Amino acid sequence: MGPPLSAEAVPTPDPSRKREGRTVREAIAAATTRLNATSETPRLDAELLAAHLLGIGREAMLLGRLDDMIGKTEFDALVARRAGGEPMAYILGHREFWSLDLAVGPGVLVPRPDSETLIETARAHFAGKAGPESVLDLGTGSGALLLAALWEWPDARGIGIDRSDTALVWAKRNADVLGFATRATFRLGDWADGLEGPFDLVLCNPPYVETGADLPRDVRDHEPAEALFAGEDGLDEYRRIARALGPLLSQNGIACIEIGASQADRVARLLSAQGLRTRLFRDLAGRDRCLLVHS
């Protein structure tokens, strides 16, 4: 051992020197305050951003890492992005859908829990029967609906169609990472143009927001407008889909189509005019969400 330090050699704290970092607890509190004006869930957002920066799950952070130090510059940069309205899913780089962890980012619609109603509806329909062997996802986006269906029915194969090259990049990436690359094919296309059926299950979450509708800032300013808006009444894409849907269905096939909460009757009439029958299903919040369609 070396000689003991003399009193003169012992460093003393400099109270005027600011600590470069903060504890996770302190950072979350400050971020929550900053996000109060721009987020409906400021505390949750702050916690998720901190966990993301630490590279661990939120629960693990809350249980044992709140007194760790976290980089101020890096964390403040993430908080600034959220305060500027960027969707949390884009900042974190992923979103869970049907228990699948999907990569998402600019240029693709963020998957939402409401859309899981389509998979729930299809699962209930096929319960006790042979599951679908062929699945079509019109407007596949991140691939969420198609990949959820392939996970639910391991013997199925499917095709995802989208008119956005960017969205297809995300969908293919998700299929590769989740191990569905040999069962999922993705194509650039405009709904069913040039597509031949039949399919046992058609899934579709089309744009259905009225032009000029008041949307949350993170949706309006960041998510792709072409995946959201569909004319003055929000029905433009349903009109096209209704005309194309019948020939795509196999003899006992069904389609599950997402709708806005006030659109059920109007979309059902469009489909009825094409000789198709519908049943309405609601999401967990009790809102009209899915039309099951069959011939």
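Keep in mind that the numbers below use all heavy atoms, side chains included, and drop hydrogens, waters and symmetry copies. Just so it is clear, the model here is predicted, and its values are computed rather than measured.
Of the listed residues (Leu147, Asp101, Leu100), just one forms a side chain to side chain contact (heavy atoms under 4.5 Å, CB included) with Asn174, and that residue is Leu147.
When atom types are taken as modelled, the side chain of Arg243 and the backbone of Gln274 share no donor-acceptor pair closer than 3.5 angstrom. Between the side chain of Arg277 and the backbone N or O of Ser295, at least one donor-acceptor pair lies under 3.5 Å. Between the side chain of Arg112 and the backbone N or O of Val110 there is at least one donor-acceptor pair closer than 3.5 Å. Using modelled atom types, one side-chain atom of Asp200 and one backbone atom of Glu133 make a donor-acceptor pair closer than 3.5 Å. Formation of a donor-acceptor pair under 3.5 Å by the Arg183 side chain with backbone atoms of Pro154 is found in this model. In this structure, the side chain of Thr211 engages the main chain of Gly231 through a donor-acceptor pair within 3.5 Å. Of the possible polar contacts, none joining the Arg43 side chain to the Asn36 backbone as a donor-acceptor pair under 3.5 Å is found. Side chain of Glu116 to main chain of Trp98: a donor-acceptor pair is present (N/O by atom type, distance under 3.5 Å, no hydrogens or angles). A donor-acceptor distance shorter than 3.5 angstrom exists from the side chain of Ser164 to the backbone of Ala167, with no hydrogens or angles considered.
The line from CD of Glu226 to OG1 of Thr166 is 8.5 Å long, rounded to the nearest 0.5 Å. A distance of 12.5 Å separates CD1 in Ile254 from CG in Leu276, rounded to the nearest 0.5 Å. From Thr121, atom OG1 reaches atom CZ of Arg279 across 9.0 Å, with rounding to the nearest 0.5 Å.
Residue Arg239 qualifies as enclosed at atom CZ: its count of foreign heavy atoms under 6.0 Å is above 12. Counting non-hydrogen atoms of other residues, nucleotides and ligands closer than 6.0 Å to CG of Asp193 gives a total above 12. Around atom CG of Leu215, more than 12 heavy atoms belonging to other residues, nucleotides or ligands sit under 6.0 Å away.
Both Val202 and Val293 sit in one connected hydrophobic cluster of ILVMFWY residues. Membership requires side-chain heavy atoms under 4.5 Å apart, directly or through other members. Grouping the Ile, Leu, Val, Met, Phe, Trp and Tyr side chains by contacts below 4.5 angstrom, directly or via other members, places Leu203 with Leu168. Leu102 and Val177 are members of different hydrophobic clusters when ILVMFWY side chains are connected at heavy-atom separations under 4.5 Å. Put simply, Leu188 and Leu248 are part of two different groups of oily side chains (I, L, V, M, F, W, Y) that touch within less than 4.5 Å, one to the next. Note on Leu53: it clusters hydrophobically with Leu66, by side-chain heavy-atom contacts below 4.5 Å among ILVMFWY residues.
Taking 4.5 Å as the limit, some side-chain heavy atom of Leu136 sits within range of a side-chain heavy atom of Ile161.
A salt bridge links Glu237 and Arg163; the closest N-O separation between the charged side-chain nitrogens and carboxylate oxygens is under 4.0 Å. Residues Asp190 and Arg240 are paired through a salt bridge, judged by an N-O separation under 4.0 Å between the basic side chain and the carboxylate. Between Arg266 and Asp233 no salt bridge is recorded (no basic side-chain N to carboxylate O distance below 4.0 Å).
Taking the six-membered ring where tryptophan is involved, the planes of Tyr238 and Tyr208 are essentially parallel, since the angle between them stays under 30° and well short of 60°.
Here the closest non-hydrogen pair linking Leu201 and Cys256 is CD1-SG, 4.3 Å. Smallest separation of non-hydrogen atoms from Leu249 and Ala255: CD2-N, 4.0 Å.
Inspection of the Asp67 and Thr23 side chains reveals no N or O donor paired with an N or O acceptor under 3.5 Å.
Identified under the salt bridge (charged side-chain N to carboxylate O under 4.0 Å, His left out) test for residues 145-157, with sequence neighbours left out: Arg123-Glu152.
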**OP:** Apply side chain to side chain contact (heavy atoms under 4.5 Å, CB included) to the pair Val135 and Leu145, showing each step before the final yes or no.
**Re:** CA-CA 10 Å; Val135 182; Leu145 289 170; over 6 Å; no

Original post:
Could you go step by step and tell me if Leu49 and Phe75 meet the side chain to side chain contact (heavy atoms under 4.5 Å, CB included) rule?
Top reply: CA-CA 7 Å; Leu49 292 174; Phe75 185 64; 3.9 Å; yes

